[in-house]
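Atom set for the values below is all heavy atoms of this structure, side chains included, hydrogens, waters and symmetry mates excluded.
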Amino acid sequence: MTTERPWPPNIAGERETLRGFLDHHRATLALKCDGLTDEELRRQSMPPSTLSLLGLVRHMAEVERAWFRRVVAAEDVPLIWSDSMDFQVAYDATTATREEAFTAWQTEIAQARRIEAAAPTLDAVVHNSRGPEDLSLRTVMLHVILEYGRHNGHADLLREAIDGTVGE
């Protein structure tokens, strides 16, 4: 599997730029997982951390679901891997497979794209039941981009530890 990674536009409107950066970060995480076996994807970083590439994919599926479906679309859906809203459960990929994790992640990305595209403007106000204030769609998109950016840094280190692959 070879992931094609789109680059964000250099000159575009705000919404297209945010979409571009979000898709770039999504593809970056997929790229970090390319060519690895389920066992390699489950390989954990150094103790005491249990972080793995597959755990990051599962976590980002939860992030996409929580921010776009639960917050922006106000859908009453549970998390994928936790009945108690515990986002940490997704990180435990000890029995997970690429197929199950990537299917869930790609499903949530498709839902997120649909929800974002249906919003009339980035200024659309949404309610975050986990926080004290309402948010704009713009803020949600920026938050998710930042989540990917942080976790893609983790993915860089995890991938290098697995097989020495470094780079973009």
- Please test Glu64 against Tyr148 for side-chain hydrogen bond (donor to acceptor under 3.5 Å, both in side chains), starting from the C-alpha separation and ending with a verdict. CA-CA 10 Å; Glu64 296 267 5; Tyr148 272 105; 2.6 Å; yes
Atom [atom1] of [X] and atom [atom2] of [Y]: how far apart are they, to the nearest 0.5 Å?
{"X": "Ile115", "Y": "Leu137", "atom1": "CD1", "atom2": "CG", "answer": "10.0 Å"}
{"X": "Asp163", "Y": "Leu158", "atom1": "CG", "atom2": "CG", "answer": "11.5 Å"}
{"X": "Asp34", "Y": "Leu53", "atom1": "CG", "atom2": "CG", "answer": "11.0 Å"}
{"X": "His59", "Y": "Leu79", "atom1": "NE2", "atom2": "CG", "answer": "10.5 Å"}
{"X": "Arg19", "Y": "Leu22", "atom1": "CZ", "atom2": "CG", "answer": "10.5 Å"}
{"X": "Leu56", "Y": "Arg150", "atom1": "CG", "atom2": "CZ", "answer": "10.0 Å"}

[X]/[Y] ion pair, N-O < 4.0 Å:
{"X": "Arg138", "Y": "Glu14", "value": "yes"}
{"X": "Arg5", "Y": "Asp23", "value": "no"}
{"X": "Arg70", "Y": "Glu75", "value": "no"}

- Task: If a pair satisfies salt bridge (Lys or Arg N to Asp or Glu O under 4.0 Å) and one of its residues is in residues 42-59, list it, with sequence neighbours excluded.
- Result: Arg58-Glu100
- Task: Would you check, one step at a time, whether the test side-chain contact (heavy atoms from CB on, under 4.5 Å) holds for Asp92 with Thr50?
- Result: CA-CA 7 Å; Asp92 181 5; Thr50 59; over 6 Å; no
So which heavy atom on [X] is nearest to which on [Y], and how close?
{"X": "Pro9", "Y": "Gly20", "result": "CD-CA, 4.0 Å"}
{"X": "Trp105", "Y": "Ala30", "result": "CH2-N, 3.8 Å"}
{"X": "Ser52", "Y": "Tyr91", "result": "OG-O, 4.5 Å"}
{"X": "Glu40", "Y": "Leu36", "result": "OE1-CA, 3.3 Å"}
{"X": "Thr103", "Y": "Glu99", "result": "OG1-O, 2.7 Å"}
{"X": "Ala155", "Y": "Leu29", "result": "CB-CD1, 4.0 Å"}

- Listed by chain and number, what are the ring pair (Phe, Tyr, Trp, His ring centres under 6.0 Å) partners of His154, not counting sequence neighbours? His151
- Decide side-chain contact (heavy atoms from CB on, under 4.5 Å) for Leu18 and Leu142; before the verdict, give the C-alpha distance in whole Å, the side-chain angles of both, and the deciding distance to 0.1 Å. CA-CA 7 Å; Leu18 290 173; Leu142 284 168; 3.6 Å; yes
- Please walk me through it: do Cys33 and Phe102 pass side-chain contact (heavy atoms from CB on, under 4.5 Å)? CA-CA 10 Å; Cys33 298; Phe102 273 76; 3.7 Å; yes
- Are Val126 and Val140 close enough that some pair of their side-chain heavy atoms sits under 4.5 Å apart? yes
- Message: Less than 4.5 Å apart, side chain to side chain, heavy atoms only: is that true for Met141 and Leu122?
- Response: yes
- Task: Kindly indicate, with the supporting measurements, whether the criterion side-chain contact (heavy atoms from CB on, under 4.5 Å) is fulfilled by Glu108 and Ile80.
- Result: CA-CA 10 Å; Glu108 294 309 321; Ile80 302 164; 3.9 Å; yes
- Message: Main chain of His25, side chain of Asn152: is a donor-acceptor contact present, judged purely on distance under 3.5 Å?
- Response: yes
- Query: Same cluster for Trp67 and Ile109 if Ile/Leu/Val/Met/Phe/Trp/Tyr side chains link at under 4.5 Å?
  - Reply: yes
- Hey, quick one: are Val89 and Val57 part of the same hydrophobic cluster, counting side-chain heavy atoms closer than 4.5 Å, chains of contacts allowed? no
- Residue list, salt bridge (Lys or Arg N to Asp or Glu O under 4.0 Å) with Arg15, at least two apart or on another chain: Glu116
